[in-house]
Amino acid sequence: FQDSLHSLPIAGNFRFHADHVLGTSLDVVIHTERESDARRAYAAIVAEIHRLDSILSVWRSDSEISQLNAKGRHSASPELFAVIAACEQWRSKTCGAFDTRLGQLIRHWEQHSGVMTIEEPIRQALLDQLSQTTVTLDADSQTIQLPEGILLTPDAYAKGYIIDKALVSARTAVPALKGLLVDIGGDLRVWGQTPQQRSWQIGVRDAFSRADNDSASQVLALTNQAVAFSGQGARSLAGNSHLLNPQDGLPLNQVEQCVVVGQCAADADALATALAAMPPLDGMALIEQLAGYEAQMILTNDQRFQSAGWSTLVQSGQQAHSVTVAGDMPTTVSGPNGVWPAGFQARLELSIPKIAVEKYRAPYVAVWVTDAQKKRIRTLAVWGKADKWIDSNYIWWKRYGRQMDSLDSIARPSRQPGQYTLNWDGKDDNGQPVPAGNYLIHIETSREHGEHSYQSFELTTQPGAPVQELPAKAEIAGLRLSFVRSI
């Protein structure tokens, strides 16, 4: 864990971030009066994640689940037994749509990634094996017995289980806490009071968006609830969805995303995975039978399904943690310069190089849009949580950053070296559409023990506008701006 602490604008509230946690990132928001309590609670969360990772991670050869898969029979810890038992129960409740026995299928897809799909005889043999096998669970001896050739992959339940346990560990370690948010890779659970003493405002990623400044199309108002996300964009197998259909062993490419809100992260996690493999109407019928659970499913053809109570969770036009939310507004707007072209957006591509220096730190980056009079229209990205970034990106901060009501709504951890894409859909920071015309795209970067740079593009919002490029400078390897149709 390489974690960082960031104090929220409201006194007595703290945010922690760490990368490389369960193969993704960890974000924690703690509402408490004392920083020492926040640090103790965060330490308890980290310790619990470490402990459970050593039990439940299929990516670690020394984990307990890996020992079970290797030996086929194992006297399990209470945690492993509870997770596998719950997974088997969800397999039964979903008529096989949720199945943790797909380890061999997943392994074959990974081995052939980018080369070929699984040969039909092999896939069918694996499916036949799955349909004829039984996992034996002996509650008295806490023993798990696997059929020959079966590998368990309980990730789709285990991550939520770890989130639930981590939240409980923090509350146990520091009973004085007022509120908590624990987010691992987009799956999360909230408890208690928010920093603003209201329901927790959680953004749902805009379907089909792949940009690194993804905005939230919906904001959920939650209290002592969990959110689990399953769908496209995070991982892939041979260019397909990472989710496999237990019925035919093929990727579930027809599902864009499933979002489940529930009472605990573990069950919400399992349900989000199961819904992707179920006929949509059957999936929604299952959700309606479960007290305290709501869901929304979006297919890749943009067909949408949601449970009866989903709309009661949605708070339109508000801001969410770590994102800027755009409300439901018209797609075009007239102004002195005309109408913003329907279906078009500005796309900024930037590359952060890895610089060969001792103790390299990823740069702090600010990207924003202004009109010709330098009035801020939209902040597209602010990457950097440490206190130093405020002074380092001094152009953005002095002119615009201090005017913002909720800096936490857009600030995100610094991005590591790589290629990134930021989209601007023609809306301002409040989600209001702007007219077509001429705008400036500003890019400012700085790095601890490194250099500072500022560059800008002149954007003309006309279809067919030429692609613009700027050369490498300081912490940016190159910039490219285009005005294109939305995907």
Side-chain angles (χ1 to χ4, degrees), residues 19-26 48-70 74 76-77 79-91 93-94 96-111 113 126 130 135 144 146 150-166 182-189 226-238 240-246 249 251-252 255 257-260 262 264-278:
D19 292 311
H20 313 299
V21 180
L22 303 184
T24 180
S25 60
L26 168 69
E48 184 69 350
I49 293 173
H50 268 306
R51 186 181 75 86
L52 293 173
D53 185 50
S54 69
I55 296 172
L56 300 172
S57 174
V58 296
W59 306 103
R60 293 178 51 169
S61 60
D62 63 342
S63 69
E64 191 178 351
I65 182 68
S66 293
Q67 294 176 36
L68 169 61
N69 280 330
H74 183 69
S77 65
E79 292 83 0
L80 180 60
F81 193 90
V83 166
I84 301 305
C87 289
E88 289 298 297
Q89 290 173 2
W90 277 117
R91 184 175 188 267
K93 290 179 182 178
T94 61
F98 178 84
D99 196 337
T100 63
R101 308 177 187 184
L102 303 179
Q104 291 282 21
L105 269 170
I106 293 173
R107 175 178 290 182
H108 275 74
W109 274 101
E110 291 173 340
Q111 289 173 345
S113 178
L126 291 172
L130 289 174
V135 174
I144 304 173
L146 303 183
I150 292 297
L151 298 179
L152 297 183
T153 55
D155 307 39
Y157 183 90
K159 186 167 78 165
Y161 179 85
I162 292 173
I163 291 171
D164 290 331
K165 290 290 188 179
V182 179
D183 179 337
I184 301 180
D187 293 338
L188 60 89
R189 185 169 172 180
V227 182
F229 175 95
S230 184
Q232 306 283 351
R235 304 188 302 278
S236 66
L237 296 170
N240 297 292
S241 170
H242 69 284
L243 299 175
L244 298 182
N245 189 335
L252 291 162
V255 177
Q257 66 184 41
C258 296
V259 183
V260 175
C264 74
D267 290 342
D269 203 359
L271 281 166
T273 301
L275 289 183
M278 300 177 72

Problem set entry | Closest heavy-atom pair and its distance - Gln67, Asp62 | NE2-O, 3.6 Å

Exercise. Partners of Asp155 by salt bridge (Lys or Arg N to Asp or Glu O under 4.0 Å), sequence neighbours excluded?
Worked result: none

For this session: Give a yes or no on whether the backbone of Leu152 and the side-chain of Asn69 come within a donor-acceptor separation of less than 3.5 Å.
Result: yes

Seminar exercise, completed: CG (Leu26) and CD1 (Ile163) are apart, to the nearest 0.5 Å, by 9.0 Å

Exercise. Could you state the interatomic distance from CG (Asp269) to CZ (Phe229), rounded to the nearest 0.5 Å?
Worked result: 12.0 Å

Problem set entry | Side chain to side chain, Val182 and Arg189, heavy atoms closer than 4.5 Å | no

For this session: Could you give me the CA-CA distance, side-chain angles and deciding distance for Thr100 and Val83, then say whether side chain to side chain contact (heavy atoms under 4.5 Å, CB included) is met?
Result: CA-CA 11 Å; Thr100 63; Val83 166; over 6 Å; no

Exercise. Under the salt bridge (Lys or Arg N to Asp or Glu O under 4.0 Å) test, which residues partner Asp187, sequence neighbours left out?
Worked result: Lys159

Exercise. Less than 4.5 Å apart, any side-chain heavy atom of Ser57 and any of Leu22?
Worked result: no

Problem set entry | Test item: side-chain donor near acceptor, Asp267 and Trp90, under 3.5 Å | yes

Exercise. Sequence neighbours excluded, which residues qualify as side chain to side chain donor-acceptor pair (under 3.5 Å) partners of Thr94?
Worked result: none

Seminar exercise, completed: By salt bridge (Lys or Arg N to Asp or Glu O under 4.0 Å), Glu48 pairs with (sequence neighbours left out) Arg51

Seminar exercise, completed: Here the pair of heavy atoms bringing Ser230 nearest to Ala272 is CB-O, 3.6 Å

Exercise. What's the spacing between Glu79 CD and Tyr161 OH if we round to 0.5 Å?
Worked result: 5.0 Å

Problem set entry | Euclidean distance, Leu275 CG relative to Phe98 CZ, rounded to 0.5 Å | 11.5 Å

For this session: List for me each residue that meets side chain to side chain donor-acceptor pair (under 3.5 Å) alongside Glu88, sequence neighbours excluded, and say none if there are none.
Result: Arg101

Problem set entry | Atom pair CD1/CG of Ile144 and Leu80 - distance to nearest 0.5 Å | 4.0 Å

Problem set entry | Backbone N/O of Arg60 and side chain of Ser66: donor-acceptor pair under 3.5 Å | yes

Problem set entry | Pairing residues for Asp183 by the salt bridge (Lys or Arg N to Asp or Glu O under 4.0 Å) criterion, not counting sequence neighbours | none

Exercise. Between Gly160 and Ala265, which heavy-atom pair has the shortest distance, and what is it?
Worked result: O-CB, 3.4 Å

Exercise. How many angstroms lie between atom CD1 of Ile65 and atom CG of Leu151, to the nearest 0.5 angstrom?
Worked result: 9.5 Å

Exercise. For the residue pair Ala268 and Gly262, what are the closest heavy atoms and their distance?
Worked result: CB-N, 4.4 Å

Exercise. Of the non-hydrogen atoms in Ala97 and Ala277, which two are nearest, and what is the gap between them?
Worked result: O-CB, 3.7 Å

